[in-house]
Amino acid sequence: MTGTTAIDLARTLESGQFFRWRRRDDGFLIVTHGRAFVADDDLRVRGATRAFADRFFGPDLTEIHQTLERDPLLRPFLVEGLRILRQDPWECLVSFVTSCASNIPRIARNLDSLCASLGEPLPFDARAMPHPRALRDEKLLRRLGFGFRARHLVPLAREVERGALDGLDRLSTDEARVRLVSLPGVGVKVADCVLLFAYARFEAFPIDVHVRRAMTGLCFGGRPAGDRRIREEAARRWGAHAGVAQQHLYVRARSG
DNA sequence: GACCAGGCATCGA
DNA sequence: TCGATGCATGGT
């Protein structure tokens with residue numbers, strides 16, 4: 001038993017939760033947790049242990065999927081094989097601060113530039129996400145194309161260096177969110193992405209423009225609803241699995 | 001040349 | 001607590 005049943009790797013990587021991957025002839029190059037490895041559609045892995053890859057791929061969601069299917073409103077939005085990856089918290093934090101008012105190709109490009117410029121070399125010609133102490137120069141980040149996002153990244157890195165993420169995994173989701181939101185450049189949406197994609201808090205429900213549109217159409221008859229009501233509705237419908245539902249909604253809302 | 005993008009911080013009502 | 005605005009830049 002590998003723990004990697006029922007995963008569509010391509011669909012999962014393309015779902016906008018993780019940006020440090022690239023297609024190759026022989027599979028996908030994945031850079032995470034300071035390492036680089038290659039995985040193919042059959043989940044054969046090179047450059048990492050089975051256990052490392054499986055942990056990154058996240059837990060099997062078959063049971064959660066079956067639970068979500070019972071919601072007739074959500075059922076048409078569900079896609080097969082979509083996982084919630086388990087990312088490195090710092091790497092995930094940088095990624096979603098960078099995602100602010102951006103788009104997936106640009107986010108990936110920004111992060112690649114950052115890693116090429118400041119990251120340690122890895123196998124497969126990859127570069128790691130730089131350590132927080134390496135993010136010292138806002139002007140460099142602006143030259144790399146981060147725009148106004150550069151403003152927060154240096155102070156954010158300093159806070160992380162001082163231990164802002166230490167022990168976060170032992171806090172409740174609400175407590176962890178409070179701490180994340182206190183960091184520079186981190187609002188509720190970015191915090192929820194980090195909680196969902198790095199800490200496997202499946203109750204976290206990031207609301208971006210696509211999910212907001214999908215939810216107002218789905219649950220509020222197309223009438224505008226505040227994020228507070230959307231969050232309450234998601235919690236009421238899907239509870240501890242709201243974040244998983246969110247990722248399906250996001251994928252479908254973007255692909256049409 | 002608007003308009004929008006996996007938002008956040010700030011300010012005024 | 002809510003709505004408007006500025007923030008950089010690239011794509012449509």
Side-chain angles (χ1 to χ4, degrees), chain A residues 11-21 77 79 82-89 91-114 117 135 137-160 164 177-199 201-218 220 223-232 234 242-256:
Chain A
R11 181 172 275 169
T12 298
L13 291 173
E14 288 164 356
S15 75
Q17 58 180 297
F18 175 69
F19 309 96
R20 299 232 58 221
W21 63 276
F77 288 82
V79 292
L82 183 62
R83 287 282 185 96
I84 304 293
L85 300 170
R86 191 168 182 118
Q87 300 181 41
D88 173 84
E91 295 172 1
C92 190
L93 191 56
V94 172
S95 298
F96 281 96
V97 169
T98 299
S99 80
C100 180
S102 188
N103 55 75
I104 291 172
R106 185 182 176 190
I107 299 161
R109 205 166 52 241
N110 288 156
L111 295 175
D112 277 351
S113 303
L114 175 66
S117 177
L135 266 69
D137 186 352
E138 180 185 330
K139 284 181 180 159
L140 170 63
L141 296 175
R142 287 184 186 270
R143 283 200 298 279
L144 294 176
F146 281 78
F148 63 84
R149 303 157 196 86
R151 185 170 121 90
H152 298 301
L153 284 169
V154 172
L156 174 67
R158 191 168 52 239
E159 291 298 316
V160 171
R177 186 183 295 107
V178 168
R179 194 191 292 180
L180 286 168
V181 165
S182 76
L183 299 174
V186 181
V188 173
K189 194 277 178 178
V190 169
D192 279 333
C193 284
V194 173
L195 288 168
L196 180 59
F197 300 133
Y199 290 96
R201 303 300 175 94
F202 292 167
E203 70 270 38
F205 190 82
I207 302 174
D208 76 312
V209 291
H210 302 289
V211 170
R212 190 174 297 120
R213 261 199 295 271
M215 285 295 287
T216 52
L218 209 60
F220 298 95
R223 289 182 298 278
D227 287 359
R228 173 161 222 127
R229 287 185 65 201
I230 292 175
R231 217 180 313 281
E232 287 167 1
V244 179
Q246 176 277 154
Q247 196 59 16
H248 288 263
L249 288 173
Y250 178 76
V251 168
R252 296 293 278 220
R254 276 205 323 134
S255 65

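Residue numbers begin at 1 in each chain, while the letters A, B, ... track the order of the sequences.
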Next on the checklist: What's A:Ile107 touching, base or sugar-phosphate or nothing? Going by heavy atoms closer than 4.0 Å.
Outcome noted: nothing
Item to check | Test log, rule side chain to side chain contact (heavy atoms under 4.5 Å, CB included), inputs A:Ser95 and A:Leu111 | outcome: CA-CA 7 Å; A:Ser95 298; A:Leu111 295 175; 3.4 Å; yes
Next on the checklist: For a quick test of reading the model: is some side-chain N or O of A:Arg213 closer than 4.0 Å to OP1 or OP2 of B:dA5?
Outcome noted: yes
Checklist entry - From the list B:dG6, B:dA9, C:dC7, which nucleotide is the closest neighbour of the side chain of A:His152? => result B:dA9
Checklist entry - Nearest-Å distance, CZ (A:Arg149) to P (C:dG6)? => result 17 Å
Checklist entry - What nucleic acid atoms does A:Gly185 come within less than 4.0 Å of, heavy atoms only: base, sugar-phosphate, or nothing? => result sugar-phosphate
Checklist entry - Across the strands shown, which category fits A:Arg143 at heavy-atom distances under 4.0 angstrom: base, sugar-phosphate, nothing? => result nothing
Checklist entry - Would A:Arg149 and A:Ser102 satisfy side chain to side chain contact (heavy atoms under 4.5 Å, CB included), going step by step from the backbone distance to the final call? => result CA-CA 10 Å; A:Arg149 303 157 196 86; A:Ser102 188; 3.9 Å; yes
Item to check | Near-parallel close stack of A:Tyr250 and B:dG6 base (under 5.5 Å, under 30°) | outcome: yes
Next on the checklist: Using the P atom as the point on both nucleotides, what is the distance between B:dG6 and C:dT5, in whole Å?
Outcome noted: 22 Å
Checklist outcome for this item: To the nearest angstrom, the CD-C1' distance between A:Glu138 and C:dC7 comes to 12 Å
Checklist entry - How long is the line joining CG of A:Leu196 and C1' of B:dG6, in whole Å? => result 12 Å
Checklist entry - Which one, B:dG6, B:dG7, C:dG11, comes nearest to the side chain of A:Phe96? => result B:dG6
Item to check | Nucleotide nearest A:Arg151 when distance is taken to its side chain, options B:dC8, B:dA5, B:dA9 | outcome: B:dA9
Next on the checklist: For a quick check of understanding: with a heavy-atom distance under 4.0 Å over all strands, which category does A:Phe197 fall into, base, sugar-phosphate or nothing?
Outcome noted: base
Checklist outcome for this item: Closest to the 5' end of DNA chain B, once A:Gln247 and A:Leu183 are matched to their nearest nucleotides, is A:Gln247
Checklist entry - For A:Val154 and A:Asp137, what are the C-alpha separation, side-chain angles and deciding distance, and is it a side chain to side chain contact (heavy atoms under 4.5 Å, CB included)? => result CA-CA 7 Å; A:Val154 172; A:Asp137 186 352; 5.9 Å; no
Item to check | Gap between atoms CZ and C1', on A:Arg254 and C:dT12 respectively (whole Å) | outcome: 15 Å
Checklist entry - Given atom CG of A:Leu156 and atom P of B:dG7, what is their separation to the nearest angstrom? => result 17 Å
Checklist entry - With the threshold set at 4.0 Å, does a side-chain nitrogen-carboxylate oxygen contact exist between A:Asp192 and A:Arg177? => result yes
Checklist entry - Is the A:His210 ring parallel, tilted or perpendicular to the A:Tyr250 ring (thresholds 30°, 60°)? => result perpendicular
Checklist entry - So does A:Arg106 reach the base of C:dT9 with its side chain, donor to acceptor, closer than 3.5 Å? => result yes
Checklist entry - A:Val209 near the nucleic acid: base, sugar-phosphate alone, or nothing, with a heavy-atom cut-off under 4.0 Å? => result sugar-phosphate
Checklist entry - Looking across every strand, which nucleic acid part, if any, lies under 4.0 Å from A:Ser15 by heavy atom: base, sugar-phosphate, or nothing? => result base
Checklist entry - What's the NE2-C1' distance between A:His248 and B:dG6, to the nearest Å? => result 16 Å
Checklist entry - Over how many whole Å does the gap from A:Asn110 atom CG to C:dG11 atom P extend? => result 11 Å
Next on the checklist: In this structure, how many angstroms lie between the P atom of B:dC8 and the CZ atom of A:Arg177, rounded?
Outcome noted: 12 Å
Checklist outcome for this item: Regarding the side chain of A:Phe148, the nearest nucleotide among C:dC2, C:dA8, B:dG6 is C:dA8
Item to check | Verdict with reasoning, A:His248 to A:Phe77, per ring-ring contact (aromatic ring centres under 6.0 Å, His included) | outcome: CA-CA 6 Å; A:His248 288 263; A:Phe77 288 82; 10.0 Å; no
